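Start at 1 with the first residue, then count along the sequence. Model, not experiment: these values are computed from the prediction.
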Amino acid sequence: MSEKKVSRREFLKIAGVGLAATAFACSGLGCAATRQSQINLPEMNLGKENAVNNILVTYSTRAGSTAEIAAAIGQTLAQRGYTVDVLPVKKQPNPSDYDAVILGSPIRMGSWLPEVIGFVKENRALLEQIPVAAFTVHMLNGGDDEQSRANRQAYLNAVREWITPAEEAFFLGKMELAKLSFLDRFISNAMKAKDENLRDWNAVHAFAESVFARVETQ
């Protein structure tokens, strides 16, 4: 894993830049500043139609990296014999149609994207009745030191206010500055971010190979 982590000073810098960006977004130029290039949002139905278990992989993304990870998870689950739908949360899939749900989001300002948190909040009662797993895609805090681990755990604080995922995974992502909105590029450039792909596909497939294994044996 990458050893990138965020110090208190860097965290305060990120927060300050984020507040400035938020204020700008609320100004008259905000609409144009938040536009970004078209991102492919995969919608997939995979696996056998008569499979015993039907799993939803639902996600949100800003630059496409999380969407690609969601698709890879769905494909691996289908190979395990599940029926799998991979859908963006903006499609508002109904958790009651599934036997288990996997939620995925990248990190912005230290937390999951608001639309995924909103989906969790709105569907809390349904999600509490079935197994739920969560995966987070991030570019910082990839180390095995105590601070990085604590920061990763904090990413899901807003989710844990509503549900308790049975399993959690954290994947390093891919930075493509050209795919970001002006505001996201502004923040990323302030943090001296650069284009890089840190995704570990072996880790992604390993998660998809093992997730919900305990449910299968019950």
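Pairs of residues two or more places apart, or lying in two chains, that qualify as side-chain hydrogen bond (donor to acceptor under 3.5 Å, both in side chains) and include a residue from residues 123-137 are Trp112-Thr136, Arg124-Glu128. Applying the salt bridge (charged side-chain N to carboxylate O under 4.0 Å, His left out) rule to pairs touching residues 130-142 yields nothing, sequence neighbours excluded.
With rounding to the nearest 0.5 Å, the separation of CG in Leu41 from NZ in Lys90 is 5.0 Å. Here Asn94 contributes atom CG and Leu87 contributes atom CG; the two are 11.5 Å apart, rounded to the nearest 0.5 Å. Between the CG atom of Asn197 and the CE atom of Met139 there is a distance of 8.0 Å, given to the nearest 0.5 Å. Atom CG of Leu156 is separated from atom CD1 of Ile117 by 7.5 Å, given to the nearest 0.5 angstrom.
By the 4.5 Å heavy-atom criterion applied to side chains, Val211 and Ile73 are not counted as neighbours. For the pair Thr58 and Leu103, the minimum side-chain heavy-atom distance is below 4.5 Å. With a 4.5 Å cut-off on side-chain heavy atoms, Gln75 and Leu46 count as touching. Residues Asp97 and Leu56 fail the side-chain proximity criterion, which asks for heavy atoms closer than 4.5 Å. Taking the side chain as every heavy atom from C-beta outward, Tyr59 and Ile102 never approach each other to under 4.5 Å.
The backbone N or O of Val116 lies less than 3.5 Å from no partner atom in the side chain of Ser60, so there is not a single donor-acceptor pair.
Below 30°, between 30° and 60°, or above 60°: for His138 and Phe170 the angle between ring planes is above 60°, a perpendicular geometry. The aromatic rings of Phe171 and Phe207 lie perpendicular to each other, with more than 60° between the two planes, well past the 30° mark.
With sequence neighbours excluded, the residues that form a salt bridge (Lys or Arg N to Asp or Glu O under 4.0 Å) with Glu115 are Arg62.
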Side chain to side chain contact (heavy atoms under 4.5 Å, CB included) assessment of Glu168 paired with Arg152: CA-CA 10 Å; Glu168 300 174 3; Arg152 288 198 296 272; over 6 Å; no
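Asn157 and Glu161 form no side-chain donor-acceptor contact under 3.5 Å, judged by distance and modelled atom types alone.
Salt bridge status for Arg199 with Glu68: present, with a side-chain N to carboxylate O gap under 4.0 Å.
In terms of hydrophobic clustering, with Ile, Leu, Val, Met, Phe, Trp and Tyr side chains grouped at heavy-atom distances under 4.5 Å, Phe212 and Leu126 are assigned to different clusters.
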